[in-house]
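Each remark here refers to the structure printed beneath this line.
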Protein chains: 2
Amino acid sequence: MPADLRMTPQRREVYEVLRVSHDHPTATDVFHRAKERMPGISLATVYNCLEALTEHGVVRQVNVERASSRYCANLDDHVHFHCEGCGQVVDAMPREDVTAAQLWKLPRGTKVTALDVSIHGLCPECAKANTKSSH
Amino acid sequence: MPADLRMTPQRREVYEVLRVSHDHPTATDVFHRAKERMPGISLATVYNCLEALTEHGVVRQVNVERASSRYCANLDDHVHFHCEGCGQVVDAMPREDVTAAQLWKLPRGTKVTALDVSIHGLCPECAKANTKSSH
DNA sequence: ATCTTTGCTTAGAATGATTCTTGATCTCAT
DNA sequence: ATGAGATCAAGAATCATTCTAAGCAAAGAT
Ligand SMILES: [Mn+2]
Ligand SMILES: [Mn+2]
Ligand SMILES: [Zn+2]
Ligand SMILES: [Zn+2]
């Protein structure tokens with residue numbers, strides 16, 4: 001935890017919800033889960049905590065298309081796979097170092113700070129269900 | 001143009017705005033530009049046209065983080081570079097075929113339909129301005 | 001220990017992009 | 001020409017997110 005992030009009970013609880021969740025919950029999802037153990041917490045506080053945690057690099061905000069932001073406590077270098085069938089968002093790890101400048105043509109002198117990748121498609125279960133129903 | 005997309009004057013105008021724009025305008029940007037030549041057009045219609053054009057694959061919707069959607073008439077396989085300095089969004093072409101399954105570990109049986117990449121950083125101009133001011 | 005400053009939490013209001021609703025208008029096949 | 005089905009326009013509604021203001025709580029100074 002960064003020293004300059006004050007770990008209030010609410011922030012700890014929001015972080016804990018994310019740490020044990022692997023489904024990339026939205027702010028309202030986090031709100032409902034946090035409420036179970038901390039009934040007084042408000043949605044505004046969840047938004048504030050998520051912002052504080054994100055800004056301090058303790059969690060990641062995950063945006064898939066225009067949908068509500070989701071949050072992820074996995075800090076390893078990874079991207080997100082979004083299943084168009086069941087809607088789940090799962091982590092995908094790079095096979096090796098993936099560098100933007102190697103894969104895409106960028107003007108000489110460009111400084112890359114982040115690479116944001118979402119892969120869209122069908123998870124194995126939805127892919128199977130899809131072929132079955134469409135033959 | 002797909003045969004099943006009725007090309008009304010409004011849709012043609014919205015498409016024309018995007019065809020000549022290379023800055024990935026938002027819906028309101030498109031609205032203001034379209035209004036110059038078609039003063040009666042409404043923002044709702046611009047949204048409708050953008051949706052129709054997007055659904056028929058004639059233009060692409062470009063989402064960078066949580067900002068308003070931008071639109072792009074370039075149908076070539078490409079990704080978007082977003083400059084954190086000046087905010088511009090520019091196209092970046094792949095150096096060669098970039099396949100998600102080759103670069104990221106995905107469960108066996110996953111079907112990939114689309115790869116959505118945004119590169120974040122500083123364009124050459126902003127990168128230069130940045131080093132100058134920060135030494 | 002008390003004052004002081006600053007940051008955090010909360011409820012509710014405000015924002016702003018997008019979508020929806022409704023009635024008018026247009027297109028196209030008959 | 002007629003009727004069905006699209007499309008358009010204006011405004012209302014939605015909904016995620018942000019802002020506001022007031023009360024609290026922790027940290028620092030005296
Ligand atoms: Mn993740
Ligand atoms: Mn583009
Ligand atoms: Zn699925
Ligand atoms: Zn720039």
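So you know, we letter chains A, B, ... as the sequences are listed, proteins then strands, and number each from 1.
Both A:V117 and B:V98 belong to a single network of hydrophobic side chains, linked directly or stepwise wherever heavy atoms of I, L, V, M, F, W or Y lie under 4.5 Å apart. Hydrophobic clustering (side-chain heavy atoms under 4.5 Å, transitive across Ile, Leu, Val, Met, Phe, Trp, Tyr) groups A:M7 together with A:V46. With hydrophobic clusters built from ILVMFWY side chains whose heavy atoms lie under 4.5 angstrom apart, A:L5 shares a cluster with A:L50. Both B:V79 and A:L103 are assigned to one and the same hydrophobic cluster, defined by single-linkage of ILVMFWY side chains at heavy-atom distances under 4.5 Å.
Rounded to whole Å, atom P of C:dT27 lies 10 Å from atom CD of B:Q10. Remark: C1' of D:dT7 and CG of B:L53 are 13 Å apart, rounded to the nearest angstrom. Rounded to whole Å, atom P of C:dC8 lies 14 Å from atom CZ of A:R12. With rounding to whole Å, B:R66 atom CZ is found 12 Å from C:dT18 atom C1'. B:N48 places its CG atom 18 Å from the P atom of C:dT25, with the value rounded to the nearest Å. The interatomic distance linking A:E65 (CD) with D:dA16 (P) rounds to 17 Å, in whole Å. Taking atom CZ of B:R11 as the reference point, atom P of C:dT27 lies 12 Å away to the nearest angstrom. Rounding to whole angstrom units, OH of residue A:Y47 and P of D:dA16 are separated by 7 Å.
The listed nucleotides are C:dA11, C:dT18, D:dA16; the one nearest the side chain of B:S68 is C:dT18.
In this structure, B:T45 reaches the bases: a heavy-atom distance under 4.0 Å links it to at least one base atom across the strands shown. Residue contacts shown for B:E51 are absent, as no nucleic acid heavy atom lies under 4.0 Å away.
Between A:H24 and A:H78, the angle of the ring planes lies from 30° to 60°, which puts this pair in the tilted group.
No donor-acceptor contact under 3.5 angstrom links the side chains of A:T45 and A:N48, judged on distance only.
Remark on DNA chain C: of its neighbouring residues B:A67 and A:L5, the 5'-side contact belongs to A:L5, judged by nearest-heavy-atom nucleotide. Checking B:A44 against A:A44, the closest nucleotide of DNA chain D that is more toward the 5' end is the one next to B:A44.
Put simply, the side chain of B:R11 gets close to the backbone of B:R6: a donor and an acceptor are under 3.5 Å apart. At distances below 3.5 Å, not a single donor-acceptor pair connects side-chain atoms of A:N130 with backbone N or O atoms of A:A127.
Across residues 13-32 of chain A, not one residue has a non-hydrogen atom less than 4.0 Å from an atom of DNA chain C.
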Enumerate all atom pairs, one protein N or O and one N or O from nucleotides 22-29 of chain D, separated by less than 3.5 Å.
none

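At most 12 heavy atoms of other shown residues, nucleotides or ligands fall within 6.0 angstrom of atom CG in B:D97.
An OP1 or OP2 oxygen of C:dT18 is reached within less than 4.0 angstrom by a side-chain nitrogen or oxygen of B:S69. The side chain of A:T8 contributes an N or O atom lying less than 4.0 Å from OP1 or OP2 of C:dT9.
In this structure, the separation between NE2 on A:H120 and CG on B:L115 is 8.5 Å, given to the nearest 0.5 Å.
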